[in-house]
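Every number for a ligand or one of its atoms is a count from 1 in the order of the listing. If you read the sequence from its start, that first residue is 1, and numbering goes on from there.
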Amino acid sequence: MAILICGATGNIGGEVVNHLTEKKLPLRAFVRDRNKAAKLAAQGIELAQGDFSQPDTLEAALQGVERAFLVMTSDPHQVELESNFIDAAQKAGVQHIVKLSVMGAGQLPSTFQKWHRQIEQRLETSGITWTHLRPNMLMQNMRWFTPTIAQQGAFYNIVGKAKISHVDARDVAAVVAVCLTEAGHENKSYVLTGAEAISFDEVAEKFAQALNRPVAYVNVTPQKLKAARLTNGEPEWYLDAELELFTCWADGAGEPVTDAIATLTHRLPITYDEFVRYFAQTHAQDFSQT
Ligand SMILES: NC(=O)c1ccc[n+]([C@@H]2O[C@H](COP(=O)([O-])OP(=O)(O)OC[C@H]3O[C@@H](n4cnc5c(N)ncnc54)[C@H](OP(=O)(O)O)[C@@H]3O)[C@@H](O)[C@H]2O)c1
């Protein structure tokens with residue numbers, strides 16, 4: 001019986017594949033584009049090609065699958081698309097789904113949190129056992145800010161002095177692997193955060209130190225941030241949803257810290273200092289733009 005990993009070409013799913021490969025578990029990666037998944041195929045990982053918008057591809061991919069990790073990019077049709085997966089999994093007799101949700105699901109009034117809660121509820125009523133993983137902002141989101149740090153020595157947001165308990169995607173993936181392979185996590189929700197909450201001013205200081213050059217956090221109005229990012233060609237629906245979430249963070253909604261990562265993985269979460277050193281090294285070329 002296989003474990004199906006969705007989003008295997010993405011941030012978290014890719015790291016989950018690494019964890020399960022290390023454990024030598026029977027694994028199938030659900031991918032939209034075989035070319036993008038060439039590295040996985042080269043590692044000998046079985047690929048199932050498909051898309052959540054094409055239920056017939058799901059039926060084939062889910063054959064013989066006992067457990068699955070459900071994740072996808074934020075998308076205006078995310079509720080419908082992930083629900084397609086849950087419906088197909090139910091028909092295929094999948095026993096357990098680990099669903100990548102978000103911190104504040106069902107609590108915060110923002111779009112991403114509402115969508116994820118709707119999907120969680122769909123899963124809870126499917127008869128399949130579930131684990132909801134609700135991470136706070138991923139440290140890897142710093143890739144959003146890399147271009148302006150490289151070009152202007154600054155990054156921009158609207159959260160002011162509020163603190164956020166950023167979490168590393170590699171820790172989230174480690175928890176996914178635990179929940180897919182160990183008993184005791186059925187029908188439970190875990191909020192995943194880093195070990196401490198820090199402000200964007202502190203993030204800027206840490207980047208300045210790692211890059212050995214000045215980096216500043218600049219607080220701007222939502223209107224100014226939206227206008228700048230629209231100019232970059234980002235979709236308006238996405239910017240509006242993000243601004244809703246940033247507004248919640250500005251009010252302190254991103255500050256809570258949990259011990260779920262340490263409890264579930266038996267090791268401390270990756271710190272922001274450790275992340276910054278790794279990120280500065282792996283993105284050295286991006287930071288060297290002028
Ligand atoms: N960023 C954060 O701070 C944060 C925090 C908490 C929760 N989240 C949640 O995390 C999720 C994103 O996770 P991530 O960072 O791992 O995303 P990611 O790196 O963007 O990867 C998303 C994966 O989903 C696949 N995908 C997209 N549309 C699909 C479809 N229609 N059918 C099948 N697969 C599809 C993508 O395939 P391709 O490679 O072919 O595009 C990719 O492999 C979102 O739901 C978001 O709400 C994010």
Notebook entry, point to check: At a 4.0 Å threshold, what atoms of ligand 1 neighbour a non-hydrogen atom of M137?
Noted result: 3 (O)

Checklist line | Residue-ligand contact V167/ligand 1, heavy atom below 4.0 Å | finding: no

Next item on the list: Identify the protein heavy atom lying closest to atom 4 (C) of ligand 1, giving its residue, its atom name and the separation to 0.1 Å.
Entry: L138 CG, 3.9 Å

Next item on the list: Considering heavy atoms of the protein only, find what lies nearest to atom 13 (O) of ligand 1 and give residue, atom and distance to 0.1 Å.
Entry: V71 CG2, 3.6 Å

Next item on the list: For side-chain hydrogen bond (donor to acceptor under 3.5 Å, both in side chains), just list the numbers for K99 and H116, CA-CA rounded to whole Å, side-chain angles, deciding distance to a tenth of an Å, and then say yes or no.
Entry: CA-CA 9 Å; K99 147 96 185 117; H116 277 294; 2.8 Å; yes

Checklist line | Pair K163 + E255, salt bridge at N-O below 4.0 Å | finding: no

Check: Is D171 paired with R267 through a side-chain N to carboxylate O contact shorter than 4.0 Å?
Finding: yes

Notebook entry, point to check: Do the numbers put R213 on top of the ring of F287, so that NZ or CZ is under 6.0 Å from the six-membered ring centre and no more than 45° off the axis?
Noted result: no

Next item on the list: For atom 6 (C) of ligand 1, find the nearest protein heavy atom and state the residue, atom name and distance (0.1 Å precision).
Entry: P135 O, 3.4 Å

Next item on the list: Check each atom of ligand 1 against the heavy atoms of I12 and keep those under 4.0 Å away; list them by number with element.
Entry: 16 (O)

Next item on the list: To the nearest 0.5 angstrom, please state how far the NZ atom of K226 sits from the OG1 atom of T221.
Entry: 12.0 Å

Check: What do we get for N136 next to ligand 1 when only non-hydrogen atoms under 4.0 Å count, side chain, backbone, both or neither?
Finding: backbone

Check: Contact between D33 and ligand 1, counting heavy atoms under 4.0 Å?
Finding: no

Checklist line | Short side-chain donor-acceptor distance under 3.5 Å, T131 and H96 | finding: yes

Notebook entry, point to check: Is it true that K161 and E202 have a side-chain N and a carboxylate O under 4.0 angstrom from each other?
Noted result: no

Note to self: Suppose we measure from atom 1 (N) of ligand 1 to each protein heavy atom; which comes out shortest, and what is that distance?
What the structure shows: N141 OD1, 3.0 Å

Check: Touching ligand 1 at all, C6? Heavy atoms, strictly under 4.0 Å?
Finding: no

Notebook entry, point to check: Is any NZ, NE, NH1 or NH2 atom of the basic residue among E82 and R122 found under 4.0 Å from an Asp or Glu carboxylate oxygen of the other?
Noted result: no

Check: Which is closest to atom 39 (O) of ligand 1 by heavy-atom distance: L245, T9, I5?
Finding: T9

Note to self: So is G14 touching ligand 1 or not, going by heavy atoms under 4.0 Å?
What the structure shows: no

Check: Any idea which protein heavy atom is nearest atom 7 (C) of ligand 1, and the distance to it?
Finding: S101 O, 3.2 Å

Item checked: Numbered atoms and elements of ligand 1 in range of S74, under 4.0 angstrom, heavy atoms -> 44 (C), 46 (C), 47 (O)

Notebook entry, point to check: Can you tell me which residue and heavy atom of the protein come closest to atom 23 (C) of ligand 1, and the distance to 0.1 Å?
Noted result: G7 CA, 3.5 Å

Note to self: Does this structure show an ion pair linking R229 with E234, if we count only N-O contacts that are shorter than 4.0 Å?
What the structure shows: yes

Next item on the list: Applying ring-ring contact (aromatic ring centres under 6.0 Å, His included), run through Y156 and Y217 and close with a yes or a no.
Entry: CA-CA 6 Å; Y156 303 82; Y217 167 61; 8.3 Å; no

Checklist line | Spatial distance of atom CD1 (I3) from atom NZ (K23) [nearest 0.5 Å] | finding: 9.0 Å

Notebook entry, point to check: Heavy-atom distance to atom 40 (O) of ligand 1: which of R32, H116, K99 wins?
Noted result: R32

Margin query: Within the structure, is a non-hydrogen atom of S53 found at a distance of less than 4.0 Å from ligand 1?
Written below: no

Notebook entry, point to check: Do we see a donor-acceptor contact under 3.5 Å between the side chains of Q90 and S126?
Noted result: no

Check: Is ligand 1 less than 4.0 angstrom away from at least one heavy atom of Q78?
Finding: yes

Item checked: Pair E274, Y278: side-chain N/O donor-acceptor within cut-off below 3.5 Å -> no

Notebook entry, point to check: In terms of hydrophobic clusters joined by side-chain contacts under 4.5 Å, are L100 and V175 together?
Noted result: yes

Next item on the list: Please write down residue, atom name and distance for the protein heavy atom closest to atom 19 (O) of ligand 1.
Entry: N11 N, 2.8 Å

Next item on the list: With heavy atoms only and a cut-off of under 4.0 Å, state how K36 meets ligand 1: side chain, backbone, both or neither.
Entry: side chain

Item checked: Heavy-atom nearest neighbour in the protein, as seen from atom 44 (C) of ligand 1, with distance rounded to 0.1 Å -> M72 O, 3.2 Å

Next item on the list: Would you mind listing which atoms of ligand 1 come within a distance below 4.0 Å of any non-hydrogen atom of V102?
Entry: 6 (C), 7 (C)

Next item on the list: Out of T73, D51, D75, indicate the one that has the non-hydrogen atom closest to atom 26 (N) of ligand 1.
Entry: T73

